[in-house]
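Here the structure comes first, spelled out in structure tokens, and everything after it is commentary.
Predicted model only: the values in this text are computed from it and were never measured. These values consider heavy atoms only, across backbone and side chains, with no hydrogens, waters or symmetry-generated copies. This chain uses plain numbering: 1 for the first residue, then up along the sequence.
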Amino acid sequence: MKLNRRTALAGAALLPFARAARAEDFPTKPIKIVVPFAAGSATDLVARGLGAKLQEILKQPIVIENKPGASGQLGASAVATAPADGYTLLMGTNTTNAANGALFKKLSYDPEKDFAPIARCVTGVNALVVNNDLPVKSVAELIDYSKKNPGKLNYAEASASQRLSGEMFNSLAGVKMERVPYKASPQALGDVASGQVQVMFPDLPQALTQIQAGRVRGIGVTGPQRTKVAPDLPAIAETVKGYSLVFWLAVFAPAATPRPIQQKLFDAIAEAMKDPATVQAMTQGRMEAAVMGLDDFAAYVKSETKWWTNAIKAAGIEPE
């Protein structure tokens, strides 16, 4: 049956109301949060801690799916091409949504055009760890050893923040440690512990577990000053002037997700993070809760993209 013009116009007029009704009913089925890094990473920790509380608030199951690889590109691409209905979300980071554009000549997604920024959740710093057999116990000793033993030190990395941490260290400290890329941080950190690689800049939550177990030696953090999470670890900046790197973890939706659904998602995340037990589960006391949403967060992502792009260029990193 063919629709006449009057019927078509009536249907078009009702469309906004239908969309509003769907947004009001949202969610009516499970929501998937894609983590573009491996299980056990800081990104995974935050997603699982947040997801547990969101299930209570939204009254629907929250499914966490780890999809690591290609500096977060695999997971980010999966969300970028998912239906824009609020049921597939990305636990993104500065790597996937601010830095990758400057690290790769061609991305499988557009960090700006393909996503709607929903909520920044936490911020954190990386640690500087070394293999226990390496004869260095401070940042100054690492610099001295590297200069006296050119070509002998490698650093492992599995994300943009880890890579930039290493290359920024090379540039500002005047040393040359060779990069060894990994698909996942846990594997990279395991190789540092076993001595296959000597140095790494993993996220602090993951690093502290290994440091406290005695598997690696922690000698610094990448933030501009010491963190209350690990006050015994000096800031690299205490030795290397101008050194500073902070990462963030955040929720993104596909770009065309209706604004009412974006708002509902942000409201649920903000409510979840008012719960101290949820924040503890997300951060394990090793990161900082830092909620920011929607328009403010969108502006923040733009400024962060500029910062990471400039920092990557300054560190002499060529796009791959």
- Task: Kindly compute the distance separating CG (N131) from OG (S194), expressed to the nearest 0.5 Å.
- Result: 7.5 Å
- Item | Side-chain H-bond candidate by donor/acceptor type, Y145 with Q198, under 3.5 Å | no
- Query: Looking at CE of M282 and SG of C121, how far apart are the two atoms once the value is rounded to the nearest 0.5 Å?
  - Reply: 4.5 Å
- Ignoring hydrogens and angles, tell me if any N or O in the side chain of R120 forms a donor-acceptor pair with the backbone of D296 under 3.5 Å. no
- Supply the atom-to-atom distance L89 CG to L54 CG, rounded to the nearest 0.5 angstrom. 9.0 Å
- Item | Carboxylate-amine/guanidinium proximity below 4.0 Å for K264 and E24 | no
- Can K32 be said to sit on top of Y87's aromatic six-ring, NZ or CZ under 6.0 Å from centre and within 45° of the ring axis? no
- Are side-chain N/O atoms of D267 and Q263 paired as donor and acceptor at under 3.5 Å? yes
- Item | Between CG on residue L265 and CD1 on residue I31, distance to nearest 0.5 Å | 6.0 Å
- Query: If you measure from the Lys or Arg side-chain nitrogens to the Asp or Glu carboxylate oxygens, is any gap between R179 and E320 under 4.0 Å?
  - Reply: yes
- Message: Whether D295 and R259 form a salt bridge (side-chain N of Lys/Arg under 4.0 Å from carboxylate O of Asp/Glu) is what I want to check.
- Response: yes
- So, does N94 use its side chain to make a donor-acceptor pair with the main chain of W308 at under 3.5 Å? no
- What pairs with T81 under side-chain contact (heavy atoms from CB on, under 4.5 Å), at least two apart in sequence or on another chain? none
- Query: Are T283 and E288 linked by a side-chain donor-acceptor pair shorter than 3.5 Å?
  - Reply: no
- Task: Kindly compute the distance separating OG1 (T309) from CD (E304), expressed to the nearest 0.5 Å.
- Result: 10.5 Å
- Quick one: do E271 and K274 satisfy salt bridge (charged side-chain N to carboxylate O under 4.0 Å, His left out)? Show the steps, please. CA-CA 5 Å; E271 181 181 344; K274 291 178 182 177; over 6 Å; no
- Task: Identify the residue among N126, V125, T222 that makes a side-chain contact (heavy atoms from CB on, under 4.5 Å) with V246.
- Result: V125
